[in-house]
Amino acid sequence: MVVALRILDDGAWVSVNDDRKVSVSELWRFPGREFCRCDLTDMVVEGFVDVGVDGRTVEVRAYGQCIACGESATTKWMPVGRIVDGAFRHIDREGVLRPVIGQ
Amino acid sequence: MPTDVERWKSEVYGNEIREHLYEFAEEGWESIPEDEHDAWFERFKWWGLYHQRNGQESYFMMRIGTPNGVLEPGQLRVVGEIADEYARGPGTNPIFGDAYADWTTRQSIQLHWIRIEDVPEIFEKLEENGMSTQQACGDSWRNIVGNPVAGKDAQEVVDAWPVIHELNETFKGDEDHSNLPRKWKVSVTGSADGSGQGDINDLAFEPAYKEVDGEEQVGFNVRVGGGLARNEERFARDIDVWVPPENVSDVAGGLSALFRDNGDRENRYNARIKFLVDEWGPEKVRNTLQEEYVDFELETAGRDVREEYTYNAGNGGRNDLIGVHEQKDGNYFVGLNVLVGRMGADDVLELADIAEEYGSGEVRLSQRQNVIVTDVPEEDLDALLEEDLLDHYSPDPSPFMRGSVACTGTEFCSLSIVETKNRQVRYARWLKENVDLPDDIDQFHIHLSGCTASCAQPQIADISLRGMKTRKDGEPVEALDIGLGGGLGEEPEFARWVTQRVPVDEVPGAISNLIGRFAENREDGENFREFVGRHDDDELDEYVEPEETDYEDPMMHNTKMTWYPYSDDDDMDSSPAPAYPDDTPMSADD
Ligand code: HEM
Ligand code: SF4
């Protein structure tokens with residue numbers, strides 16, 4: 001099943017099959033020290049840069065700012081949802097996100 | 001590879017979108033194929049319709065482009081009637097009620113909660129009355145801006161209104177210019193006050209004198225590549241060209257064609273002409289225009305009047321067009337303050353009555369989101385100023401009311417990070433009650449934008465506020481970055497972002513403390529922008545001092561996660577959208 005994935009309106013949101021699924025203004029927490037010097041980055045999503053699907057996982061790269069330290073950068077691929085039976089299921093993004101390993 | 005947007009545009013774009021809109025309207029929202037939503041909503045923009053944000057599916061924001069902000073006699077009433085009849089949805093705004101119109105920072109009009117089923121009726125009513133939504137959004141010539149009192153202003157060097165009118169007639173619907181790489185914002189100013197704000201537009205015509213064949217003539221200097229969006233602020237750059245009024249259309253068309261052919265269609269972030277000017281430099285823009293896009297010899301720039309610019313400049317003189325001002329013909333125009341540019345439909349209709357009773361019926365919109373009643377004879381001024389409506393829309397407001405500009409924000413806009421208009425109303429009211437400016441300061445501009453698109457033009461205000469997030473006591477809350485010291489004028493400057501991520505309930509305290517430090521430490525007669533100019537960012541950051549006060553913010557939570565921030569049950573899952581034309585949810589069918 002083909003999934004239509006795109007980023008629209010200057011990176012404001014991610015469209016999955018012509019439906020707005022993930023939007024700027026979310027706060028994401030993730031570990032890794034690659035985005036900034038914090039152990040746990042706490043990032044406001046200000047814009048999406050890239051969207052893709054790896055197996056069933058929908059991943060994005062987003063631009064944002066860590067509200068703990070102020071660093072602005074673009075993330076590595078982050079999982080935001082899964083395609084199950086052709087439909088998008090959200091991954092809980094209010095908990096701690098796990099950046100995709102091995103890129 | 002071309003972007004999806006470019007692919008959709010190559011399939012259907014421009015005037016022809018209208019037929020499709022009418023078909024969808026006829027058959028209803030559900031007839032828009034689900035797997036074509038993104039494509040159609042992108043195209044609808046060209047006809048002035050933005051799909052509202054998630055949680056508000058099936059409702060649209062409609063933008064009406066009013067060139068130079070001019071509403072001819074009778075048109076304001078039509079706008080009020082349309083707002084009253086069609087701009088009603090399932091959500092009620094606690095400050096502005098159920099039906100309202102927004103006057104925007106580019107002298108346009110925005111209505112919300114519009115249903116696609118109603119679009120043909122609205123279009124017909126607008127068009128019968130000489131108005132249109134054509135190219136109000138989308139990748140084409142947007143609403144042309146300028147000094148709204150063009151043709152009447154006593155400070156005028158040259159009357160820009162016939163020029164604007166001609167450009168509008170020429171480039172609205174012109175197939176050669178209807179599919180550009182990105183939006184194309186044009187400003188044409190004829191007055192010496194700088195109120196057309198050319199510096200922040202893609203293309204600016206500014207008044208200038210030039211000696212041609214031994215005679216001094218008035219016309220326009222040309223600047224290209226301004227814009228505020230996306231943390232990539234630019235002032236338009238001088239390309240060393242002067243044009244007489246009769247050639248403006250050729251030069252503007254040449255530049256828009258140059259943009260059409262050379263703008264970046266591979267990457268929408270890089271598409272605005274400001275980036276092409278960065279890459280080429282003004283000289284190459286001029287040479288290419290001369291060699292490939294116009295068939296007459298371009299004059300070099302003439303003598304401008306930029307040293308006289310006062311609008312949004314912070315330095316005394318006319319920073320806005322509020323208040324009573326004499327026109328060239330001896331009548332008066334009266335600028336009324338509309339806080340954050342939003343006016344209830346009833347008030348719009350009442351204003352239309354007032355404009356007819358005391359003036360010519362004409363009303364004009366400024367880039368500071370205010371309205372101007374024109375053509376008032378001197379003997380009718382007192383009676384006009386006695387009208388009750390003016391208690392609310394004052395010709396002599398407090399500096400904090402007068403200086404407030406705010407964009408749409410999380411109420412409707414999909415790009416937003418925070419709530420904006422209602423928040424700025426709350427801020428302005430609190431500041432008016434609680435903060436005193438030094439006696440000689442009667443202008444103080446605070447602009448609030450919900451994201452970096454910068455629709456409220458925050459970078460050219462004394463205090464710029466821009467949507468952010470932070471945590472307070474561990475909880476995510478809406479926050480604002482604070483920038484200082486922006487303004488236009490002869491030497492325009494963007495605000496410097498000195499303090500980041502202040503929780504929204506601490507912003508009024510921060511502004512109050514800052515103004516206190518300004519009052520204590522300013523030099524004699526120094527205005528706020530000058531004060532900011534002689535301090536470095538760290539010193540200013542110290543002056544800002546965020547603090548809780550008795551100001552309470554009811555919208556601290558993530559308003560973007562609600563379907564409508566002001567609803568009693570604001571949960572996204574409680575959204576009635578998409579809904580039938582009578583606002584009953586479609587999901588009720590299951
Ligand atoms: C593709 C989506 C959108 C983008 C990229 C966008 C971006 C912008 C930008 C960059 C400006 C002007 C700043 C400049 O001079 O460069 C602007 C103006 C504005 N936008 Fe948006 N915006 C979008 C959608 C919306 C929506 C959905 C709304 C409201 C429902 C909205 C409301 C406004 C307002 C009020 C203005 C100022 C007035 C005007 O231009 O006439 N925008 N927008
Ligand atoms: S500044 Fe951002 S939030 Fe405000 S109206 Fe423009 S796009 Fe929307």
Side-chain angles (χ1 to χ4, degrees), chain A residues 1-29 36 38 40-52 61-74 80-81 86-88 90 92-97, chain B residues 3-5 7-8 32-42 45 50-57 182-183 229-231 268-269 271-272 409-410 413-419 450-453 466-472 474-479 481 497 500-501 503 558-561 572:
Chain A
M1 151 126 218
V2 184
V3 183
L5 293 173
R6 54 180 81 94
I7 290 166
L8 286 166
D9 285 356
D10 272 0
W13 44 278
V14 178
S15 164
V16 182
N17 290 334
D18 285 77
D19 206 6
R20 290 173 291 199
K21 291 299 186 195
V22 193
S23 200
V24 288
S25 98
E26 289 190 5
L27 268 183
W28 290 353
R29 282 192 280 199
C36 62
C38 300
L40 190 63
T41 301
D42 199 353
M43 186 193 86
V44 190
V45 180
E46 294 185 88
F48 297 94
V49 178
D50 242 329
V51 59
R61 289 175 57 238
Y63 173 84
Q65 188 178 45
C66 173
I67 60 172
C69 71
E71 182 69 33
S72 281
T74 299
V80 293
F88 179 86
H90 289 278
D92 174 16
R93 297 187 294 275
E94 294 191 1
V96 173
L97 285 170
Chain B
T3 58
D4 281 340
V5 175
R7 190 165 48 78
W8 298 327
I32 310 171
E34 273 184 21
D35 59 354
E36 296 175 16
H37 275 190
D38 290 350
W40 286 114
F41 299 153
E42 188 61 43
K45 292 176 184 171
Y50 270 114
H51 195 203
Q52 289 182 190
R53 72 168 171 86
N54 50 334
Q56 302 170 0
E57 285 75 15
R182 204 71 175 71
K183 60 176 85 166
R230 305 280 112 191
N231 283 326
R268 291 184 66 76
Y269 297 98
R272 292 284 291 274
T410 52
C413 174
S414 50
L415 284 78
S416 58
I417 314 273
V418 300
E419 189 224 23
C451 79
T452 57
R466 185 172 69 190
M468 249 294 149
K469 286 282 168 63
T470 193
R471 275 181 208 275
K472 186 161 174 161
E475 288 301 308
V477 295
E478 298 199 346
D481 285 344
W497 296 102
Q500 316 276 322
R501 300 182 303 282
N558 191 340
T559 55
K560 188 74 175 289
M561 296 298 219
M572 193 60 91

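A note on names: the letters A, B, ... follow the listed sequences, proteins ahead of strands, and every chain is numbered from 1. All values below were derived from every heavy atom in this structure, side-chain atoms included, with hydrogens, water molecules and symmetry-related copies excluded.
Residue contact with chain A, scored on non-hydrogen atoms closer than 4.5 Å, involves the backbone of Glu34(B) exclusively. In this structure, the portion of Asp4(B) lying under 4.5 Å from any heavy atom of chain A is its side chain and not its backbone. For a residue to count as touching a neighbouring chain, one of its non-hydrogen atoms must lie under 4.5 Å from one of that chain's; by this rule Val5(B) touches chain A with the side chain only. Contacts between Val44(A) and chain B at a heavy-atom distance below 4.5 Å involve the side chain alone, from C-beta outward. Heavy atoms of Ala479(B) lying under 4.5 Å from chain A are absent altogether. Only the side chain of Thr452(B) comes within less than 4.5 Å of a heavy atom in chain A; its backbone stays farther off. Only the backbone of Phe48(A) has a heavy atom closer than 4.5 Å to any heavy atom of chain B.
Under a 4.0 Å N-O distance rule, the pair Glu478(B)/Lys469(B) does not qualify as a salt bridge. Salt bridge absent: Arg268(B) and Asp9(A) never bring a charged side-chain N and a carboxylate O closer than 4.0 Å.
Here Trp497(B) pairs with nothing under the side chain to side chain donor-acceptor pair (under 3.5 Å) rule; sequence neighbours left out.
Arg230(B) has its side chain out of reach of Arg272(B): every pair of non-hydrogen atoms, C-beta onward, lies at least 4.5 Å apart. Contact of the Asp19(A) side chain with the Phe88(A) side chain is not registered, since no non-hydrogen atoms from C-beta on lie closer than 4.5 Å.
Using the six-membered ring where Trp is involved, His37(B) and Phe41(B) have ring planes that are tilted, between 30° and 60° apart.
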